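This report refers to the structure that appears directly beneath it.
No hydrogens, no waters, no symmetry mates; every other heavy atom, side chains included, goes into these values. From a predicted model like this one, the values you see are computed outputs, not experimental measurements. Per chain, numbering begins at 1; letters A, B, ... match sequence-line order.
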Number of protein chains: 2
Amino acid sequence: MGNGLKNETAKDLSREGSSTSAVEIAYHHIRHLILTGEMRSGDKLLENQLATAIGVSRTPIREALNRLNAEGLVVLERYRRGIVADFSLDDAVEIFRLRAILEGHAAGRAATRISDADFARLQELERVMEAQFEELGWNEHLEGFDKLNAEFHAVIAAAAESPRLEKILASSLELPAAIFNRYSEPVEVRTRRTHAQHREILAALKARNPEWAQAAMNAHLFSLLPTASGSLEHEEKS
Amino acid sequence: MGNGLKNETAKDLSREGSSTSAVEIAYHHIRHLILTGEMRSGDKLLENQLATAIGVSRTPIREALNRLNAEGLVVLERYRRGIVADFSLDDAVEIFRLRAILEGHAAGRAATRISDADFARLQELERVMEAQFEELGWNEHLEGFDKLNAEFHAVIAAAAESPRLEKILASSLELPAAIFNRYSEPVEVRTRRTHAQHREILAALKARNPEWAQAAMNAHLFSLLPTASGSLEHEEKS
DNA sequence: CTTGCGAAAAGTGTATACCAGTTTGATGAA
DNA sequence: TTCATCAAACTGGTATACACTTTTCGCAAG
């Protein structure tokens, strides 16, 4: 490469004025690749390749990979190239167990703290999720659902007013959607139940009943948790 | 600093074969400064200054600061120099609430999983803590206590066999000892009670009773939690 | 064909230099 | 004193170089 020619990069940024840092760009880009399944478990993450693909230098790429490594989505070992993390059934079970504990706690706190605006937002999110399901059917609604569902849970986590709790839920207990779908029950089984559970959580929040909210959230998450008995099953390589 | 002389560094590393990376060195060094109170809330963290002090270049320093920022011990804002994080009473309360939830869960799991070797280690740790207290008295024993106590809790967390849980406890819910001592009850009040609680946790683990272990750990941590009544806090912008 | 070995190639870890953007601190005017 | 201004200081990011390790590949031996 020649000398200081970041003109085109600077152009992109200066147009926005947004000043999103290069690290943020790289982080969200790579994270998106993983969470959407565009990159699968075991895929190689080469710093130079990512740098040219994303349009930033190696430095912010390395920072982004380190963050993703800390969050468990990427596996880094010294001098080895990074790979997309693999999630075993045990990993999925662990994540859902911890999410149940922490999100249950969050829901309980949210019950006495959530604002009217946030509660309305939750109702709206659930309304849209159910509408899209009715309109699009079992499988086609899934793409939109994941995003809406993530916001549903995120709003409750935020309403708990416990910043560390919120951060842990957002960054340390994520499971790529593709992995979740691999291990969870089929959509036909869980979708209607999920909506009923969401409605119950809303009812508990509206009643400002912490114990109910916590229990309802717990039930919701434990119902999604792959059966522990399934851990006796054979390990199969795809 | 001078020119590229990493010869002595390489010498140290090659001797060990362990080859601790520069990032690890910087991370543990800075973390130690904060947790021990050698650097206090609000102190400035200048990359160049740290680099020369620790003997590595800016690059690993920046990585270390980013990790510490993610863990909440350091506050980084764009183009601003980093500062050591400040922990309000509310922060301390939040941390202990979350620790109680998660370490309680960990103790419950550990009850049915802990190895004989790990249990023996716990007994030994508690024995030493009590011996040092008897020998050194209220205040002098504190220095050694913090380290032993940290290992006591870490052994239980590891015995829970939940890697994400262990990582969260080790990296997202730390409170500098100085801050803890600022907000907690005076040593004279809590030390004997702490030892009694540790013994009860050991008894519950020995009995392999998960509910007891969880409850005992919960009681232990909630007893250290600063009185929630102190939540008549002042929101202040510095 | 398979296995094993060794060397080249690829890739990460760190140092260093440099510059742009921003904050910080000091100086000076009102 | 208070405020504005400007230079210095500092971080964010790029680029480059090189040491050290892993990975790959070809080649020889079985």
Side-chain angles (χ1 to χ4, degrees), chain A residues 1-30 42-69 74-84, chain B residues 1-30 42-70 74-84 238:
Chain A
M1 302 263 200
N3 32 19
L5 310 180
K6 40 184 169 297
N7 293 344
E8 75 271 71
T9 309
K11 187 171 50 183
D12 288 350
L13 297 181
S14 62
R15 168 176 306 283
E16 272 303 310
S18 71
S19 78
T20 312
S21 73
V23 176
E24 289 290 292
I25 294 171
Y27 169 76
H28 288 293
H29 192 115
I30 300 171
D43 283 358
K44 294 186 275 256
L45 294 155
L46 306 187
E47 295 178 358
N48 276 316
Q49 171 188 309
L50 290 167
T52 63
I54 298 178
V56 299
S57 73
R58 263 182 78 200
T59 310
I61 294 286
R62 301 191 93 240
E63 259 191 53
L65 288 178
N66 276 316
R67 279 169 64 173
L68 292 163
N69 175 60
V74 163
V75 177
L76 296 184
E77 277 174 282
R78 196 151 190 242
Y79 295 127
R80 295 235 171 86
R81 39 205 197 191
I83 60 173
V84 178
Chain B
M1 283 288 257
N3 33 18
L5 310 179
K6 42 183 169 302
N7 295 343
E8 75 271 69
T9 309
K11 187 172 49 183
D12 288 350
L13 298 181
S14 62
R15 169 179 306 283
E16 271 304 308
S18 73
S19 74
T20 312
S21 72
V23 176
E24 289 290 291
I25 294 171
Y27 168 76
H28 287 293
H29 191 115
I30 301 171
D43 283 359
K44 294 186 274 255
L45 294 155
L46 305 189
E47 295 178 358
N48 276 315
Q49 171 187 309
L50 289 168
T52 63
I54 299 178
V56 299
S57 74
R58 261 182 79 197
T59 311
I61 293 287
R62 300 194 58 200
E63 263 194 48
L65 289 178
N66 275 313
R67 278 170 66 174
L68 293 163
N69 175 60
V74 163
V75 177
L76 297 183
E77 275 174 284
R78 207 162 185 228
Y79 296 126
R80 294 232 174 89
R81 37 205 198 194
I83 60 173
V84 178
S238 64

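Between the C1' atom of dT14(C) and the CD1 atom of Ile54(B) lies a distance of 15 Å, rounded to the nearest Å. Atom pair Glu77(A):CD and dT22(D):P shows a separation of 10 Å (rounding to whole Å applied). Whole-Å rounding puts the Ile83(B) CD1 to dT24(C) C1' distance at 14 Å. Rounded to an integer number of Å, the gap from CD1 of Ile25(A) to C1' of dG13(D) is 11 Å. Between Arg58(B) atom CZ and dC19(C) atom P there is a gap of 14 Å when expressed in whole angstrom units. Taking atom CD1 on Ile61(B) and atom C1' on dT16(C), their separation rounds to 15 Å, with Å as the unit. For the pair Glu63(B) CD and dT14(C) C1', the interatomic distance rounds to 10 Å; values are reported in whole Å. At whole-Å resolution of the value, CD in Gln49(A) and C1' in dG11(C) are 12 Å apart.
Applying the 3.5 Å distance criterion, the base of dG11(C) shares no donor-acceptor pair with the side chain of Arg78(A).
Of the two residues contacting DNA chain D, namely Leu76(B) and Thr59(B), the nearest-nucleotide position lying further toward the 5' end is that of Leu76(B).
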With side chain to side chain contact (heavy atoms under 4.5 Å, CB included) as the criterion, how do Leu45(B) and Ile30(B) come out once you've worked through the C-alpha distance, each side chain's angles and the decisive distance to 0.1 Å? CA-CA 9 Å; Leu45(B) 294 155; Ile30(B) 301 171; 4.2 Å; yes
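With sequence neighbours excluded, the residues that form a side chain to side chain donor-acceptor pair (under 3.5 Å) with Arg58(B) are Glu47(B). By the salt bridge (charged side-chain N to carboxylate O under 4.0 Å, His left out) test, Arg81(B) pairs with no residue at all, sequence neighbours left out. Residues satisfying the side chain to side chain donor-acceptor pair (under 3.5 Å) test with Glu63(B), not counting sequence neighbours, are Arg62(A), Asn66(A).
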Output a table of nitrogen or oxygen pairs between the protein and nucleotides 5-9 of chain C separated by less than 3.5 Å.
none

Please list each protein N or O that sits under 3.5 Å from an N or O in nucleotides 7-10 of chain D, with the distance.
none

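Taken from NE2 in His28(B) to CG in Leu68(B), the straight-line distance is 10.0 Å, to the nearest 0.5 Å. The structure places CG of Leu65(B) at 8.5 Å from CG of Asn69(B), a figure rounded to the nearest 0.5 Å. Separating the OH atom in Tyr27(B) from the OG atom in Ser21(B) is a distance of 12.0 Å, to the nearest 0.5 Å.
Here dG25(C) is the nucleotide among dG25(C), dT12(C), dA15(C) with the atom lying nearest to any side-chain atom of Lys44(B). For Ser57(B), the listed nucleotide lying nearest its side chain is dA15(C); candidates were dA15(C), dT14(C), dC18(C).
Residues Ile61(A) and Val23(A) are not in side-chain contact: their nearest non-hydrogen atoms beyond the backbone lie 4.5 Å or more apart.
Residues in residues 20-29 of chain A take part in these salt bridge (Lys or Arg N to Asp or Glu O under 4.0 Å) pairs, two or more places apart or across chains: Glu24(A)-Arg67(A).
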